[in-house]
Structure formats: structure tokens, C-alpha cells
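Nothing here was measured: the structure is a model prediction, and the numbers come from that model. To find a chain, count down the sequence lines: A is the first, B the second, and so on, and within it residues start at 1.
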Amino acid sequence: MTEKNLSQKNDFIREIIRGDIAANLHEKIVTRFPPEPNGYLHIGHAKSICLNFGVAQEFQGLCNLRFDDTNPTKEDQIYIDAIKFDLTWLGFNFENNIRYTSDYFEQLYDWAIELINKGLAYVDDLSPDEMRSYRGTLTEPGIESPSRNREIAENLDLFERMKNGEFEEGKMSLRAKIDMQSGNLNLRDPVIYRIMHANHPRTNNNWCIYPMYDFGHGQSDAIENVTHSLCTLEFEDHRPLYEWFLENLSIPSKPKQYEFSRLNLSHTILSKRRLLKLIECGYVTGWNDPRMPTLAGLRRRGVPPEAIRDFVGRLGVTKSDGIVEMSYFENTVREHLNVTAQRRMAVLNPLKIVIENYPEDPQFKDELEATNNPNNEDDGFRRLLFSREIYIEHNDFMENPTKKFFRLGPGREVRLRYAYLIICKEVIKDKKGNIIELRCHYDPASRGGNSPDGRKVKGTLHWVSANHSKKATINLYNELFTEAIPGSNGDWIEDVNKTSLESLTNCFLEPSILDFKSNTTIQFERLGYFCADLNSTQENPIFNRTVPLRDTWAKKT
RNA sequence: UGGGGCGUAGCCAAGUGGUAAGGCAUCGGGUUUUGAUCCCGUGUACCGCAGGUUCGAAUCCUGCCGCCCCAGCCA
């Protein structure tokens with residue numbers, strides 16, 4: 001499905017919304033994307049982003065970006081900034097709809113007091129350990145805390161003192177009074193406020209008690225008049241609690257929560273906790289390492305945002321959790337790049353060729369014309385300088401060619417793309433027997449790569465002029481994990497791919513490649529899609545491989 | 001022996017009682033100055049299993065099996 005018929009998307013969530021609209025339930029559809037600013041956005045978030053913003057767009061509604069900042073010990077302004085940047089890059093506008101759960105701290109506090117006054121919440125002085133043992137287990141009911149029947153007045157007083165900073169962290173907490181027998185552990189008197197003597201990125205030292213997710217989320221939705229609160233499957237059994245608060249509080253609206261399955265991608269991990277560990281342990285260089293499935297990593301790798309949007313759109317939205325093959329993602333990326341990327345030539349592992357019958361005069365200027373993008377005439381042509389000494393890819397030559405190898409070999413003729421037909425006359429080796437140079441002859445009549453007499457050449461090779469090309473470093477990225485599902489045979493960290501990065505430092509680029517900035521991905525013909533790294537300079541060019549071209553030849557051999 | 005979900009080809013996924021869409025992958029073939037792209041073709045899916053209802057069930061009922069999530073003062 002392409003983005004053009006986005007409106008045709010049909011999944012259980014959109015079905016529910018259409019039903020609600022038909023039943024005239026809402027004036028306007030409102031959704032929200034609620035990241036916790038404790039890490040960078042990854043492609044799994046992109047699914048939620050496209051769903052929430054997409055739904056709002058399709059039904060002429062609204063989608064708020066709401067930072068769920070209720071845990072100051074884990075959150076940071078740098079993440080808030082990074083999330084905004086990534087969201088904009090992905091192509092979504094939220095400037096007028098930014099919210100923070102911390103905007104509602106005052107209201108949330110009042111609601112907590114409302115709950116106390118209704119006898120539906122109490123201050124507990126159980127320690128975290130005690131609370132755990134009182135909670136029971138999956139199969140045994142919990143037992144009630146001794147504090148459970150504290151007088152309302154005392155609860156009010158204690159809660160006020162919690163707020164005033166009279167207690168240490170962990171000494172007191174505010175709990176909802178629900179049901180210690182419930183089969184749903186979330187309903188066994190969940191903590192709704194805890195003490196944290198921590199500085200908050202936005203409210204600074206105004207508070208030393210902070211609401212828990214369950215107490216903050218639904219009510220924030222209600223404040224924002226969210227109609228459809230879309231979250232992932234693991235929150236399914238939080239829904240009764242979500243509804244319990246809305247039921248028992250004087251809230252302004254009644255949002256509904258719906259859950260869909262989160263995205264799992266093979267050969268990578270989509271967990272902020274684990275991603276952070278990869279960084280901390282030095283397996284990658286940071287959140288924006290090109291191997292990371294983060295939006296920042298994918299961007300640096302050269303993946304266009306359109307491809308990400310299209311990819312998550314193709315997956316659909318369901319409640320069944322599966323694992324999507326990485327190759328599916330790569331294919332979507334190739335599909336976009338194939339039509340948009342300009343073509344250039346670069347040689348990764350150079351093998352020098354001297355064309356013996358080519359003019360030796362250094363003043364001789366031989367300019368050839370090359371198409372920039374066969375899929376887009378508007379990209380026009382460029383001029384390529386040819387010369388007597390060129391580089392081709394080392395593996396485009398075989399001294400003893402196998403039957404189906406149709407590239408260069410002794411006595412064989414191939415075409416140099418946009419240039420000439422050449423024949424290999426001699427193979428030159430060093431003392432160890434390594435091939436270090438080829439001596440060839442070219443056919444002047446084949447200029448442009450044409451075959452003047454109609455003779456067939458099976459191979460067309462990319463090349464670069466030895467004297468005119470620019471030396472560069474090229475990073476080839478492979479899968480971050482060797483296992484499709486990291487950790488399926490033990491510790492996930494053991495499955496980190498030791499060769500996820502191959503850095504080649506003796507590569508040669510056609511000069512015009514240096515004109516491309518890191519936000520433009522181009523194709524190196526016959527190799528793949530590449531883009532300039534963030535740290536690339538004119539003096540020290542560095543290019544990252546976004547994704548290789550499909551290679552059915554390599555596959556067979 | 002608790003609660004909540006999910007189970008349609010290798011992967012994603014339509015389907016909502018009338019006799020199994022589509023995409024990706026795979027494998028063939030054609031075109032090609034990128035072994036890319038493009039174009040054609042290619043799958044016996046015991047619709048988790050077993051019963052039942054029905055003229056007819058992936059779709060309804062019952063029972064079973066498998067997988068995922070939940071015992072943070074994380075989100």
C-alpha cells in the first residue's frame with residue numbers, strides 16, 4: 001500500500017473509529033503520542049506515531065505529542081529535544097500540540113485528594129519489599145495493608161506531608177483502594193503517588209511526589225479530550241485500572257483505550273533499555289550509530305523518512321504479535337531509493353587497470369556523459385573524466401573464471417559503464433602472487449560503452465579514474481545481531497554481530513559524490529545505496545551504506 | 001491451580017456463514033550499458049487441534065493445545 005491510498009487503510013482501530021463517528025460519539029477524533037523522554041525514538045515508535053498522527057489526519061482530528069514525564073530520575077531534556085527533532089524529520093507536525101504530563105501535576109494532585117476524600121485512596125507506610133510480599137503472586141491473592149483503613153483525615157494529612165517533603169523516598173506512598181484479591185495484579189491497590197526527591201526537567205523542585213504512569217496517563221488523556229488512547233498490548237491489563245480512575249474521578253471526558261501489537265523486527269532489538277545497554281557497553285557509538293534501529297540511526301544510515309512511514313503502513317495494525325523480517329524493511333527502503341536516488345560510481349576494493357593503447361598525454365581530456373538517474377530524467381547528466389589508469393572492483397576480475405562469471409578475466413572483454421569496451425591482456429602479480437594490476441586494451445570505437453559492431457559483452461563494470469577520483473572511507477553495515485531473535489538461545493548480548501561494521505579505508509569515489517550532503521542518499525552503481533556520514537568532510541570523506549542492492553549473483557555463489 | 005491477549009503459507013496480513021485477497025521472501029523465465037530496476041509466471045495454506053450447529057464454517061458453539069504479557073514506589 002502506498003501513501004497515496006492511506007485513507008484506504010483498514011484495521012480494527014480505524015474500524016472502531018469509523019463506527020464511533022457513525023454513531024456520532026465524538027465531535028472530533030483526538031489521539032496522542034505519549035513518549036517517555038528517557039531515550040531516543042526507534043522504528044517501533046514510528047509505528048505508533050504513524051498510527052496516532054495518521055488516524056488524526058485521516059479523520060480530520062488532532063494528535064497531541066505528550067511527553068509522559070512522570071519519572072524525573074530517568075528522564076532528561078536532551079531526550080525531549082531529540083524526540084521532537086526525530087518526529088519532525090519523520091514528517092509530523094506537532095508544534096501547536098505539545099503537552100507534558102507535568103503540565104497536569106496540580107490537577108493530578110487534586111484528583112488524588114478527591115480519591116482520598118471518597119475513601120478510595122490511602123497513604124501506606126509499607127516499604128517496597130513489604131508491599132511486594134503483601135501483593136501475593138500470580139496465583140495467590142494479596143493481603144491488605146494495615147494502613148488500608150486509615151481515616152480520611154489522616155490520609156489527607158499524611159499525603160500533604162508527603163508533598164511537603166517530610167518523608168524520605170520509599171517511606172510512604174499513596175495507593176488506590178481497589179481489590180487485593182483481584183486476579184489482575186494491577187488492581188491490587190496500586191501505588192499512584194511516590195516520593196522522589198529529584199529535580200524534574202520542567203517542574204524543577206516544585207514537587208517531591210510524582211504520579212505513577214497509571215494515575216497520570218488516563219487522566220491526562222481525559223484532560224486533553226483524547227477520544228482514542230492507542231497503546232501497545234502490554235497495557236491491556238492496565239485498562240481496567242485506566243477505567244477505574246476515570247469512573248471514580250470528576251474528569252472532563254471519557255477516553256477509551258485500545259491496544260495493538262508493538263513492532264518486532266528481526267536481527268535487532270526495539271527496547272530502549274537494551275539499546276541503552278548497547279551504547280553503555282560500547283557495542284555501538286551512540287543513539288545515532290547507523291546500526292541502531294533508532295530514527296537517528298536510520299537517518300544517519302541514509303534511510304529516507306518516507307520509507308519508514310511506508311514500511312509501518314504496510315505492516316498494518318493488529319493484536320497479534322509477530323516478528324517482521326528485516327529484509328522486508330530493507331526492501332521497502334530499496335524501493336524508495338530506487339526511484340529517488342541519483343547514481344554515481346565508487347570502487348570499494350580497488351584493482352588498478354592500465355589501458356595500454358590509451359593516449360599517454362596527460363593533457364588529453366576525455367569527457368563522457370553519464371545518466372544521473374534512469375528513473376528520473378530531471379536529474380540530468382554529468383560528465384565523467386576517463387583516463388589511462390582506472391580502478392575497478394577487485395572482485396570484478398577472476399583469473400580463472402567460473403562458468404557463470406561474466407565479468408573480467410584474462411582475454412575477456414567487458415564494458416566499463418558509460419565508457420569503453422576493454423579486453424584484459426595481462427595480469428600482474430606481486431611476489432606473493434597477489435593480483436595487483438591488470439593491463440588492458442580498449443576499443444576507441446566503443447566510446448560511451450556502445451558496441452559499434454553489435455558484438456555482445458555480458459559484463460558491465462563500474463569504474464573510477466585513478467587520477468580524478470577521491471579517496472574515502474566507506475562503512476558497510478550488517479545486521480546488529482546474528483540471531484533473528486536476539487537472546488533466543490541465551491543472553492541477548494551474546495548475539496551481537498561482531499562484524500556489524502566493516503570499515504573500508506581505501507575506496508575511491510567519482511568526484512561529484514562529494515557534492516552530496518548527509519541528508520541525500522545516492523546509489524553507487526552495482527553496489528548499493530550510500531550517504532555521507534555526519535562526520536564526513538571534503539578532506540576526509542566518509543560514506544555509510546544504507547542498504548546493498550539485491551544481488552542474485554552473490555546469492556547463487 | 002490466577003488474570004489478560006493471540007493463533008490464516010517462511011514473514012506481514014485481508015477475510016465478519018457461501019466455499020481462502022494482497023505484499024515481502026522463494027523458485028523459474030523475459031528485457032537490460034547497474035547480475036539492480038522492470039515485466040511475466042510460480043504456493044496443494046489439514047485457516048492451531050478435536051468435536052458440534054448448518055444445505056454450507058477460517059468465520060457460530062463446546063472442549064483442548066500452543067505462544068505472548070502481568071507479581072516496579074518503571075513507562
Side-chain angles (χ1 to χ4, degrees), chain A residues 1 10-11 15 34-36 38 68 70-71 73-75 124 126-128 131-133 135-142 169-175 181-188 190-196 209-210 212-214 216-217 231-240 259 261 266 272-273 314-332 334-335 338-339 343 345 370-371 374-375 404-407 414-419 421 446 448-451 457-462 484 523-528 548-556:
Chain A
M1 190 179 295
N10 197 28
D11 52 61
E15 218 162 88
E36 183 190 12
N38 67 343
D68 212 345
T70 57
N71 185 350
T73 63
K74 293 192 174 165
E75 297 150 8
D124 200 348
L126 247 33
S127 71
M131 204 177 286
R132 189 175 312 121
S133 60
R135 186 155 32 233
T137 67
L138 293 178
T139 51
E140 301 156 22
E169 290 183 11
K171 294 294 186 204
M172 299 275 176
S173 65
L174 183 69
R175 295 228 259 167
Q181 316 274 322
S182 176
N184 182 343
L185 298 252
N186 295 118
L187 263 21
R188 316 243 264 228
V191 169
I192 59 179
Y193 261 96
R194 77 295 214 183
I195 297 168
M196 284 182 147
I209 55 170
Y210 291 93
M212 297 288 288
Y213 163 83
D214 286 305
H217 204 88
C231 62
T232 43
L233 254 25
E234 66 270 28
F235 292 102
E236 251 167 338
D237 43 20
H238 287 243
R239 181 160 19 99
E259 310 84 13
S261 58
S266 78
K272 284 189 278 187
R273 205 197 92 248
R314 291 178 193 212
L315 301 176
V317 181
T318 67
K319 287 178 81 96
S320 57
D321 59 343
I323 179 152
V324 178
E325 292 167 346
M326 183 63 87
S327 59
Y328 194 10
F329 176 60
E330 291 185 346
N331 184 74
T332 310
R334 272 190 214 105
E335 210 171 285
N338 177 46
V339 317
R343 318 279 132 130
M345 292 196 283
T371 303
N375 292 321
K404 284 189 176 163
F405 183 86
F406 51 75
R407 277 115 92 154
V414 296
R415 168 169 38 239
L416 294 176
R417 182 142 229 232
Y418 298 125
L421 266 38
S446 65
N450 301 303
S451 170
V457 276
K458 272 202 279 187
T460 298
L461 312 184
H462 59 278
Q523 184 192 104
F524 290 176
E525 298 219 35
R526 301 211 307 136
L527 297 173
L549 246 34
R550 187 183 274 118
D551 188 349
T552 50
W553 160 249
K555 214 176 274 181
K556 282 176 195 160

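Among the heavy atoms of the strands lying under 4.0 Å from A:Leu185 is at least one base atom, whether or not backbone atoms are also near. Residue contacts shown for A:Tyr193 are absent, as no nucleic acid heavy atom lies under 4.0 Å away. Using a 4.0 Å heavy-atom distance criterion, A:Leu187 is classed as making no nucleic acid contact. Residue A:Thr73 is classed as having no contact, given no heavy-atom separation below 4.0 Å to the nucleic acid. Residue A:Lys272 is classed as having no contact, given no heavy-atom separation below 4.0 Å to the nucleic acid. Within 4.0 Å (heavy atoms only), A:Gly322 reaches sugar-phosphate atoms of the nucleic acid but no base atom. Residue A:Glu236 is classed as a sugar-phosphate contact, given heavy-atom separations below 4.0 Å to backbone atoms only. Base engagement by A:Asn450 is indicated by at least one non-hydrogen atom pair under 4.0 Å involving a base atom. When heavy atoms are screened at a 4.0 angstrom cut-off, A:Phe405 is found touching base atoms of the nucleic acid.
Between A:Asn375 atom CG and B:U34 atom C1' there is a gap of 11 Å when expressed in whole angstrom units. Spacing between atom CZ of A:Arg273 and atom P of B:C74 amounts to 15 Å, rounded to whole angstrom units. Between the C1' atom of B:A71 and the CE atom of A:Met212 lies a distance of 13 Å, rounded to the nearest Å. Rounded to whole angstrom, the span from the CE atom of A:Met196 across to the C1' atom of B:C73 amounts to 7 Å. Distance A:Asn38 CG to B:C74 P: 13 Å, rounded to the nearest Å. Taking atom NE2 on A:His462 and atom C1' on B:U32, their separation rounds to 18 Å, with Å as the unit. Going from atom CD of A:Glu525 over to atom P of B:A36 covers 13 Å, rounded to whole Å. One interatomic measurement links the two molecules: CZ of A:Phe235 to P of B:C6, which rounds to 18 Å at whole-angstrom precision.
Taken to the nearest 0.5 Å, the CZ atom of A:Arg239 stands 12.0 Å off from the CG atom of A:Asn186.
A gap of 15 Å separates the C1' atoms of B:A9 and B:C27, to the nearest Å. B:C67 and B:U59 have their P atoms separated by 23 Å, given to the nearest Å. Annotation: B:G56 and B:A75 have their C1' atoms spaced 49 Å apart (nearest Å). Comparing the C1' positions of B:U8 and B:G2 gives a spacing of 31 Å, expressed to the nearest Å. Straight-line distance between the C1' atoms of B:A36 and B:G30: roughly 16 Å, to the nearest whole Å. As rounded to the nearest Å, B:U42 and B:G48 have P atoms that lie 26 Å from one another.
Between A:Arg239 and B:C69, a side-chain N or O to OP1/OP2 separation shorter than 4.0 Å is absent. Contact check, A:Ser320 against B:A13: a side-chain N or O comes under 4.0 Å of OP1 or OP2. Note on A:Thr552: every side-chain N or O is 4.0 Å or more away from OP1 and OP2 of B:G35. Between A:Thr70 and B:C74 there is no side-chain polar atom (N or O) within less than 4.0 angstrom of OP1 or OP2. One finds a side-chain N or O of A:Arg194 lying less than 4.0 angstrom from the OP1 or OP2 phosphate oxygen of B:A75. At B:G72, one or more side-chain N or O atoms of A:Arg135 fall inside 4.0 Å of OP1 or OP2 (strictly under the cut-off).
Taking the nucleotide of RNA chain B with the nearest heavy atom to each of A:Asp124 and A:Glu15, the more 5' of the two is matched to A:Glu15. Place A:Arg132 and A:Leu549 on RNA chain B by their nearest nucleotides, and A:Leu549 ends up nearer the 5' end.
With a 3.5 Å ceiling on both atom-pair distances, the Watson-Crick or G-U wobble partner of B:C67 is B:G5. Across all strands shown, the partner of B:C27 is B:G41, judged by Watson-Crick or G-U wobble contacts whose two distances both fall under 3.5 Å. Under the Watson-Crick or G-U wobble criterion, with both distances below 3.5 Å, B:A58 has no partner in any strand shown. Across every strand in view, B:C74 sits unpaired, with no contact that passes the Watson-Crick or G-U test at under 3.5 angstrom.
Distances from the side chain of A:Glu36 to the nucleotides B:G72, B:C74, B:C68 place B:C74 closest. Residue A:Lys319 places its side chain closer to B:C6 than to any other of B:U34, B:C70, B:C6. Comparing atom distances between the A:Asn331 side chain and each of B:C74, B:C24, B:G2 picks out B:C24 as nearest. The side chain of A:Asp237 approaches B:C70 more closely than any other nucleotide in the set B:A75, B:C70, B:G23.
B:G63: glycosidic angle beyond 90° from 0, hence anti.
Per the stacking criterion (ring centres < 5.5 Å, plane angle < 30°), A:Trp553 stacks onto the base of B:G35.
For A:Asp551 and B:G35, a side-chain-to-base donor-acceptor distance below 3.5 Å is absent, hydrogens and geometry of angles not being considered. With hydrogens and angles ignored, no donor-acceptor pair under 3.5 angstrom links the side chain of A:Glu140 to the base of B:U1.
No side-chain heavy atom of A:Met212 sits under 4.5 Å from any side-chain heavy atom of A:Pro190.
In this structure, a donor-acceptor pair under 3.5 Å is absent between the side chains of A:Arg194 and A:Ser173.
Using a cutoff of 4.0 Å between basic side-chain nitrogens and carboxylate oxygens, A:Glu36 and A:Lys74 are not scored as salt-bridged.
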